[in-house]
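This one's a predicted model, so the numbers in the text were calculated from it and none came from an experiment.
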Amino acid sequence: MPRPIPFDEYYDLASIESLAVSPDGARVAFVTEEFDRDEDESRRSLFVVPADGAGSPHRLTRVANATSPTFSPDGSKLGFLAAREQDVAIAVDGSPDGDQTDETGDRTVDGEVDDESPDEGDGEADDDPDTQVWAFDLDRGGDARQLTTLEEGASEFDWAPDGERIVVAARDPTDEERAYLDRRKEGGPIETERLQHKHDGAGWLDTVRTYLFVVDAESREATRLDDAHDGGGLVTPRGGLQPRWSPDGDRIVFRSYRGERPDDGYAVDLYAVSPGGGDAERLTDGSLWTGAPRWSPTGDRLAFAGSDPDNQYAPTELYVLDGGRIRPVTVDLDRTLARAGTPQWLDEEALLTAVGDEGRTRLVRAAVDGSGVERTFEAQGSDRAIRGLDHADGTVAVLLSHPSEGTDVHAVDVDDLDAAEPDVRRLTAVNDDELARWPTPRCERVTYESDDGTGIEAIVYAPEELDADDPEPRPLVCAIHGGPMSYDEPRFSFADACWTSRGYVVVKPNYRGSTSYGRDFCETLQGRWNSIEVQDVLAGVDALVQRGWADPDRLFCTGFSQGGVLTAYAVTKTDRFAAAAPEHGIYDARSCFGTDDCHVWWENDYGLPWENPEGYAAASSIEDVDEIETPLLVTAGGEDWRCPPSQAEQLYVSVKKRGVPAKLVVYPDEHHDVGDPDRAIHRFEELASWFGRFDPATGDESEN
């Protein structure tokens, strides 16, 4: 058997995100996350690479994290977000400090003109610098220049067509809100009257609005657009304002909610405002969650992603706003836009986007007039996933992921997308050295029937040496995806490679509720958790046993988020697993209501808990905890507000009380993920140790 991949080699892994193609299509910018072993931290660095494949990537940033690369319209500058030490020129040269001003150019405090100098604070510097907008001058070279000095930092930005201004999203507290925030920093009490009082990753929410500011890139002077704000509520923690400047420079589109109950629904509208200020114009009608707005090349039309705010199981569609009319252009495909599916205008008549399609993220071309949508880029193959997408001037950059080849930036010409043998240029090779020494898995699609005859597909990873025709049964890990509105697809995963290098087969069922198989397939799970999806998962395990790939005595189950929810459901219905690990899940729906950040989703699916106690009970594995005999490793994030750690504690104590072998692992300060490298490695080690401990072929249950 090949050497198992050491878990600490996770430190050697790099991952790519945030693609941006230069306006002339000649260069691709991207961000790479790498790990610092000594500091046990992740570092995000900004790179550029020629799109023709003629050169290797060039690292632009070396001293701080960088995100959101965005080329200026003429391609001469590359803007990005970073929390770096203040630009030396600001302190040494006394450059303008970017005071926030109102639409007349006068500094304002809570809507009133302030003639006093800004408060200099208590003289104590924050531990970390705020995130600001920076830019490299690609023509002249040198280090990046700081473009903003906003008091609360910047969260998003876009360039004006003239390249001399940027629009920036930033929080702007009133005096009263500032006093409250200062008290909070000093350990003061949390005070709120908001319905949505916290959100995962954002923590306890306040009432501070996020506004758009127009910033002069040379002087750094920032002018607040008073009617361009998030409107309060869930807009900011659920994707931000996403400002985009129109090609003619006359309008800036952004996301906002202006209804009466901003925390009590997922609807978000698109608005447009003049960069000179004034009232914002509402562009959509309140019937959709909207996102990823993109202007057409002439600025006459607007493409955006939209979905039903009351039904998260319905596909996210591509829409076009044309002359005041909102037109869906992908609805006939019956596929949801993927996370990589930001609309890309190929020309005035066609759009390119990515959709989830039968357990794969792939490209489709849609006619702007709604007359048709077609799949394209067949050269992607069925064993590669698209994890990122951008386009400019005939160059399409895609982040392609393959189970054994890794995830890298590729480029292809638009005119070549439909060619039988297109020129697909690989531009990066971030993990080639690691992959050369690691035993990477083979990947196959397996289809089977669930209990009621419904066809289900699973993605299976197996050791390379497994003979599919004459297999030796292996230990199996059933790894259940979250969501549930998500899907597994063939792609590179360090975790899967670690399992298969240890001789395991990994099965990932795309159970009902998964996206990418059409609306009916996904929507059938709405309000029916702990039912058909459990059948689909267990049938997938049986299918691998029947094929001879999995040893029926060495079956294990795990999942993160909704995968953790489903793992706990599964062990209430079967004792076939030797051990299981529900991670960061929900196990008591009723007690979760109001303690997580999903009260709107719960109500959309089940109504309110005091109105439908039976529905909430049916969706709670804790109701059947007396049926659990499987040893459980239960994990949680200490600051997880999506699936609060109290849920893990309830499940752990309940099974422990009954004498079932169990272990609880809580990661302090972590949100709904495991972010620090050492904790990610610890998670791998804990899973492998737990499964090994109860493996009848290798384990020693006497440790309990």
Side-chain angles (χ1 to χ4, degrees), residues 1-2 4-5 356-361 381-385 401-407 438-450 454-484 486-517 521 533-560 563 566-567 570 576-578 580-581 687-688 691 695:
M1 179 181 294
I5 301 173
D357 188 30
E358 303 286 335
R360 176 172 51 142
T361 302
S382 62
D383 55 356
R384 285 176 169 81
S401 184
H402 184 277
S404 60
E405 297 173 8
T407 304
W438 291 347
T440 53
R442 55 185 288 190
C443 180
E444 295 195 24
R445 294 175 182 269
V446 172
T447 57
Y448 57 92
E449 288 189 356
S450 191
T454 300
I456 305 295
E457 183 178 61
I459 309 301
V460 178
Y461 299 88
E464 277 288 352
E465 66 273 15
L466 179 71
D467 186 340
D469 297 323
D470 186 20
E472 176 186 347
R474 301 299 184 101
L476 177 137
V477 173
C478 179
I480 309 172
H481 71 68
S486 181
Y487 56 94
D488 274 311
E489 59 184 327
R491 66 181 182 89
F492 174 74
S493 162
F494 180 76
D496 296 332
C498 284
W499 286 124
T500 58
S501 75
R502 286 163 171 77
Y504 289 87
V505 170
V506 180
V507 60
K508 298 188 170 187
N510 279 327
Y511 53 89
R512 276 171 285 186
S514 302
T515 51
S516 86
Y517 297 91
F521 187 88
E533 83 279 36
V534 184
Q535 300 172 19
D536 298 346
V537 167
L538 297 181
V541 174
D542 291 341
L544 270 293
V545 171
Q546 291 166 6
R547 286 173 178 247
W549 292 12
D551 184 334
D553 296 322
R554 304 177 70 192
L555 306 177
F556 306 93
C557 187
T558 188
F560 201 94
L566 232 170
T567 298
R576 75 186 68 187
F577 297 111
L687 288 169
F691 293 167
D695 188 332

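- To the nearest 0.5 Å, the span separating CG on L555 from CG on D542 amounts to 8.5 Å.
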**Request:** Go through E457 and R360 one step at a time and tell me if the salt bridge (Lys or Arg N to Asp or Glu O under 4.0 Å) criterion holds.
**Result:** CA-CA 11 Å; E457 183 178 61; R360 176 172 51 142; over 6 Å; no
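- Looking only at side-chain heavy atoms (C-beta outward), R576 and V545 stay at 4.5 Å or farther from each other.
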**Asked** Would V541 and Y448 satisfy side-chain contact (heavy atoms from CB on, under 4.5 Å), going step by step from the backbone distance to the final call?
**Response** CA-CA 10 Å; V541 174; Y448 57 92; over 6 Å; no
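- The two residues N510 and H481 have their closest heavy-atom pair at OD1-CD2, 3.5 Å.
- The backbone N or O of A550 lies less than 3.5 Å from no partner atom in the side chain of R554, so there is not a single donor-acceptor pair.
- For the residue pair D383 and P403, the shortest heavy atom distance occurs at O-CD, 3.4 Å.
- What you find for R491 and A385 is that their closest heavy atoms are CB-CB, 4.2 Å.
- Heavy-atom minimum distance, A468 versus W549: O-NE1, 3.4 Å.
- The distance between the ring centers of W499 and F494 does not fall below 6.0 angstrom.
- Taking CD1 of I5 as the reference point, atom CG of D496 lies at 10.0 Å (rounded to 0.5 Å).
- Side-chain contact between L466 and P471 is present, with heavy atoms from C-beta onward closer than 4.5 Å.
- Closest approach of F556 to A578, counting heavy atoms only: CE2-CB, 3.6 Å.
- Within the 4.5 Å cutoff, no side-chain heavy atoms of P509 are placed close to those of D536.
- Considering only heavy atoms from C-beta on, H402 stays 4.5 Å or farther from F492 through its side chain.
- Here the straight-line distance linking atom OH of Y461 with atom CG of D488 works out to 6.5 Å at 0.5 Å rounding.
- A salt bridge between E489 and R384 is absent, with no side-chain N of the basic residue lying under 4.0 Å from a carboxylate O of the acidic one.
- Contact detail for G359 and P490: the closest heavy-atom pair is O-CD, 3.6 Å.
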**Item:** side-chain contact (heavy atoms from CB on, under 4.5 Å) between Y504 and L476, worked out
**Value:** CA-CA 5 Å; Y504 289 87; L476 177 137; over 6 Å; no
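- Within the model, atoms CG of L538 and SG of C557 stand 7.5 Å from one another, a figure rounded to the nearest 0.5 Å.
- In this structure the side chain of E444 reaches within 4.5 angstrom of the side chain of R442, judged on heavy atoms.
- Considering OH of Y511 and OG1 of T454, their distance stands at 15.5 Å, rounded to 0.5 Å.
- Contact annotation: the side chain of V505 approaches that of P463 to within less than 4.5 Å [non-hydrogen atoms, C-beta and beyond].
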**Asked** side-chain contact (heavy atoms from CB on, under 4.5 Å) between K508 and I480: does it pass, once the steps are laid out?
**Response** CA-CA 6 Å; K508 298 188 170 187; I480 309 172; over 6 Å; no
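- One distance of note links OG of S382 with CZ of R445; it measures 5.5 Å at 0.5 Å rounding.
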**Asked** So Y487 and T361, side-chain hydrogen bond (donor to acceptor under 3.5 Å, both in side chains) or not? Walk me through it.
**Response** CA-CA 9 Å; Y487 56 94; T361 302; 2.5 Å; yes
**Prompt:** side-chain contact (heavy atoms from CB on, under 4.5 Å) between L544 and V460: does it pass, once the steps are laid out?
**Reply:** CA-CA 9 Å; L544 270 293; V460 178; 4.2 Å; yes
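- Salt-bridge formation is detected for the pair E465/R474: a Lys NZ or Arg NE/NH1/NH2 atom is positioned less than 4.0 Å from an Asp or Glu carboxylate oxygen.
- Here the side chain of S501 pairs no donor or acceptor atom with the backbone of P439 at under 3.5 angstrom.
- Heavy atoms of other residues, nucleotides or ligands lying less than 6.0 angstrom from CD of E472 number 12 at most.
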